[in-house]
Number of protein chains: 2
Amino acid sequence: MPETAAGERPKAETLFVNSVEKGFRVLEAFRTSGRPLGLKEIAAATGLDKSAAQRFSNTLHELGYLAKDPRTRRYRPGIRLMDFSFTYLSQNRLAEIAVARLIEAGKRYQTTINLCELIDTEIIYTIRIPHERASFVATVPGRRMPAFCTAGGTAILAFRPPEEAAQVVDASDRRPLTDHTIVERDAVLARIARARRQGYGIGIEQSLPREISVAAPVLDNNGRALAAVQIPVYKPQWSVREARAKIAPLVMETARSISGSLMGSDG
Amino acid sequence: MPETAAGERPKAETLFVNSVEKGFRVLEAFRTSGRPLGLKEIAAATGLDKSAAQRFSNTLHELGYLAKDPRTRRYRPGIRLMDFSFTYLSQNRLAEIAVARLIEAGKRYQTTINLCELIDTEIIYTIRIPHERASFVATVPGRRMPAFCTAGGTAILAFRPPEEAAQVVDASDRRPLTDHTIVERDAVLARIARARRQGYGIGIEQSLPREISVAAPVLDNNGRALAAVQIPVYKPQWSVREARAKIAPLVMETARSISGSLMGSDG
DNA sequence: CCTGTAATATTATATTATAATACTTATTAT
DNA sequence: ATAATAAGTATTATAATATAATATTACAGG
């Protein structure tokens with residue numbers, strides 16, 4: 001019975017194809033699980049029943065978005081998922097401009113350097129120019145991290161309207177990622193305010209042990225942050241003082257250079 | 001009328017959810033178009049009718065996989081598409097092992113270095129460690145190229161059963177990408193055979209002007225290629241002779257090192 | 001300002017996804 | 001080895017959901 005609920009959306013009712021959403025829900029299960037999944041597990045992870053899990057997994061498999069091990073009968077993400085990364089990045093002016101600058105900066109200063117964007121309460125690393133070995137996932141494009149405890153997130157929120165930043169912080173799942181993660185609302189907001197004054201965000205072991213993360217915002221012509229340039233360095237090779245002295249100017253300069261190019265052509 | 005055609009699939013009939021496929025078909029249109037698309041254009045590109053284009057675009061938009069410019073009412077790829085890159089890579093043992101080796105090699109030899117995998121008749125670059133400026137799309141993970149005229153494709157096909165290689169070549173759309181692209185079936189197969197003898201593939205301006213591309217296969221324990229390590233260098237800074245002397249050993253060593261680690265743990 | 005085109009919203013209809021069930025294949029314990 | 005249990009696979013009748021026709025609204029070009 002499709003009863004007309006109180007908070008109904010007058011339009012989307014019929015313009016939203018539920019089956020599409022369910023298909024993506026299955027893929028989403030693989031992102032969060034991080035391991036191959038059997039049908040039963042897919043059903044459990046997605047909230048779909050056994051039959052639905054079967055139908056959607058099968059469909060995704062036939063399309064090439066899921067691979068299947070015939071021995072274990074488990075599914076895993078298929079190579080074809082890589083298409084979407086290209087689809088997004090290849091027609092993204094920000095990415096196009098940023099890649100050149102990031103490669104240049106990474107080469108000149110012999111450092112890892114990343115670009116990240118905000119999505120809901122998280123950041124997604126879109127461009128990664130790795131320079132030294134690091135934990136594997138820290139090198140993977142598309143990786144998400146909470147915005148509230150990352151330098152990139154802080155740098156972006158610092159250059160959004162304060163009420164937007166507060167909303168994001170409030171909506172965040174603020175579980176600590178390390179012993180040092182600052183999770184209290186006001187402390188997090190203070191860090192964001194400080195990033196605004198300084199022009200860059202810095203996180204000391206906020207999301208990863210030993211990591212000092214520094215990030216500066218890429219701005220549009222209204223001064224609103226679109227993304228952040230981020231560089232991680234590690235204790236004990238680096239001190240916080242050194243990071244502020246050497247890395248902060250570097251991320252700010254790179255971010256500013258990207259902002260500048262961005263405004264040049266279109267707006 | 002769902003008439004039971006001659007070559008019917010007894011099973012998939014009901015286990016395949018068409019709406020899922022249509023949703024992906026819309027995203028696919030953005031991959032190939034490379035630009036924002038209006039509803040009419042989406043309909044044209046996908047073969048969906050006006051209403052279907054509307055429903056699927058709207059659904060994808062609500063889910064965050066498409067963004068929409070309210071001014072122009074055109075859709076473009078959404079940031080959320082980056083999730084899939086993470087989903088694929090983060091649970092890929094090959095990628096995990098390869099990233100460390102590629103970063104190391106790229107740093108030591110101060111070079112761009114990539115990993116690519118075969119999908120149908122194309123290769124997809126899965127890991128890219130860029131080191132110098134290049135055309136933007138050449139730095140984007142998820143980029144596809146025809147296998148038949150790329151060093152990576154040649155290297156992979158060289159270490160697949162000959163009949164499989166021939167099938168891929170036959171199925172390929174062999175339109176030339178440069179003035180030098182070799183497209184004749186037998187010539188392409190000869191290049192593959194030579195790559196097998198040499199242990200690496202090399203392409204001289206086969207897919208990009210000035211580019212000399214060198215690649216070596218990552219093998220499983222049966223000697224079958226899973227992927228290829230690829231390095232591009234450019235004329236006139238590099239000659240073919242130099243590339244063979246310096247780059248070929250480098251890609252072979254890196255690929256062999258990955259193959260070795262791969263067999264170490266699991267199989 | 002008018003005209004043609006594209007986008008958006010609405011609705012009745014039947015196609016298509018659904019979920020119950022039966023069957024098959026693996027895994028595990030005895 | 002064999003049985004028992006669990007998971008995956010295939011089939012089908014049913015109704016819910018996607019569909020596509022149409023009406024309305026917004027935009028762009030002359």
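Residue numbering restarts at 1 for every chain, and letters A, B, ... go by the order of the sequence lines. Here the structure is a predicted model, which means the values were calculated and not measured.
Shown for residues 21-39 of chain B: residues whose heavy atoms fall under 4.0 angstrom of DNA chain D, namely Lys22(B).
Rounded to a whole Å, the CG atom of Leu15(B) is 18 Å from the P atom of dT21(C). In this structure, CG of Asp49(A) is placed 15 Å from C1' of dA7(D), rounded to the nearest angstrom. Between the CG atom of Asn58(A) and the P atom of dT16(C) there is a distance of 17 Å, given to the nearest Å. One atom, CZ of Phe16(A), and another, P of dA18(D), lie 9 Å apart when rounded to the nearest Å. Rounded to whole Å, atom C1' of dA7(C) lies 13 Å from atom NE2 of His61(B). For the pair Lys50(A) NZ and dA22(C) P, the computed distance is 12 Å after rounding to whole Å.
If Val20(A) and Arg74(A) are placed on DNA chain D by their nearest nucleotide, the residue sitting closer to the 5' end is Arg74(A).
Looking at the side chain of Thr14(A), the nearest of the listed nucleotides dA7(C), dA20(D), dT11(C) is dT11(C). Among the nucleotides dA18(D), dT22(D), dA19(C), the one closest to any side-chain atom of Val17(A) is dA18(D). Nearest nucleotide to the side chain of Lys40(B), out of dT9(D), dA6(C), dA19(C): dA6(C).
Taking 4.0 angstrom as the limit, Lys68(B) places a side-chain polar atom (N or O) nearer than this to OP1 or OP2 of dT8(C). Contact annotation: Ser19(A) side-chain N/O to dA18(D) OP1/OP2 distance is under 4.0 Å. Remark: Asn18(B) is not in phosphate contact with dA18(D), judged by side-chain N or O atoms under 4.0 Å from OP1 or OP2.
For the residue pair Thr178(B) and Thr181(B), a side-chain donor N or O sits within less than 3.5 Å of a side-chain acceptor on the partner.
Between Phe84(B) and Tyr65(B), the ring planes are parallel. Angles under 30° get that label, and only those over 60° would be called perpendicular.
A pairwise comparison of heavy atoms in Ala134(A) and Ala138(A) identifies CB-CB, 4.5 Å as the closest pair. Of all non-hydrogen atoms in Phe30(A) and Gln91(B), the two that sit nearest each other are O-NE2, 2.8 Å.
Using a cutoff of 4.0 Å between basic side-chain nitrogens and carboxylate oxygens, Arg175(B) and Asp173(B) are scored as salt-bridged.
Crowding of Arg74(B) atom CZ: a count of heavy atoms from other residues, nucleotides or ligands under 6.0 Å exceeding 12.
Using a 4.5 Å heavy-atom threshold, the side chains of Met82(B) and Glu117(A) count as separate.
Side-chain atoms of Gln54(B) and base atoms of dA7(C) include no donor and acceptor less than 3.5 Å apart.
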Per-nt protein contacts along nucleotides 25-30 of chain D (heavy atom under 4.0 Å; B base, S backbone sugar-phosphate only, - none) come out as --S---
